[in-house]
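Report on one structure; see the data block that follows.
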Amino acid sequence: QVQLVESGGGLVQAGGSLSLSCAASGRTFSWYDMGWFRQSPGKEREFVAAIRWSGGTTYYADSVKDRFTISRDNAKNTVYLQMNSLKPEDTAVYYCATKVGGSNWYSIRNYNYWGQGTQVTVSS
């Protein structure tokens with residue numbers, strides 16, 4: 001079992017930046033590919049970004065490409081999401097999760113352990 005705790009959310013104006021962190025405990029963090037998802041009220045949870053266990057390969061949703069950067073520090077058992085040029089449509093609860101298998105990095109069905117989420121609100 002893996003426990004995940006997100007932090008770093010908050011209120012920011014459009015065009016601003018936020019950095020989210022996801023601290024993991026439990027099983028060896030470095031074994032897991034990791035992902036970030038987000039969910040807005042009334043919408044399904046959607047893929048944002050993911051990173052391989054080694055940190056060598058990353059994946060992004062088209063809506064955040066070139067604005068968000070996912071990274072990880074296996075020594076600190078932490079995965080990060082740097083969010084720049086934020087837009088009001090980025091407002092959501094952001095969740096990190098462990099990827100357990102499957103070839104589709106974008107599918108929520110391939111992720112199992114989830115954190116409790118952190119709220120990001122972008123004002124216009």
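Computed over heavy atoms, backbone and side chain alike; hydrogens, waters and symmetry mates excluded.
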Checking the side chain of [X] only, and the main-chain atoms of [Y] only, is there a donor and an acceptor separated by less than 3.5 Å?
| X | Y | answer |
| --- | --- | --- |
| Tyr111 | Cys96 | no |
| Glu6 | Gln116 | yes |
| Asn74 | Phe29 | no |
| Thr91 | Val122 | yes |
| Tyr95 | Gly35 | no |

Any [X] side-chain heavy atom under 4.5 Å of [Y] side chain:
| X | Y | value |
| --- | --- | --- |
| Tyr32 | Trp53 | no |
| Thr78 | Arg72 | no |
| Thr98 | Trp31 | no |
| Ser7 | Thr118 | no |

Checking side chain to side chain contact (heavy atoms under 4.5 Å, CB included) for the pair Phe68/Leu81: CA distance, chi angles, key distance, verdict?
CA-CA 7 Å; Phe68 291 10; Leu81 186 68; 4.2 Å; yes

Any idea which heavy atoms bring Asn84 and Ser17 closest together, and the distance?
OD1-OG, 2.9 Å

Take Leu20 and Val120, measure what side chain to side chain contact (heavy atoms under 4.5 Å, CB included) needs, and give me the verdict at the end.
CA-CA 9 Å; Leu20 305 185; Val120 171; 4.0 Å; yes

For residues 40-54, pull every pair meeting salt bridge (charged side-chain N to carboxylate O under 4.0 Å, His left out), keeping only residues two or more places apart or in separate chains.
Arg38-Glu46

Measure the spacing between OG1 of Thr57 and CD1 of Ile70 and express it to the nearest 0.5 Å.
11.5 Å

Rounded to the nearest 0.5 angstrom, the CD-CD distance for Gln119 and Gln39 is 11.0 Å

Salt bridge present between Asp90 and Lys87 (N-O < 4.0 angstrom)
no

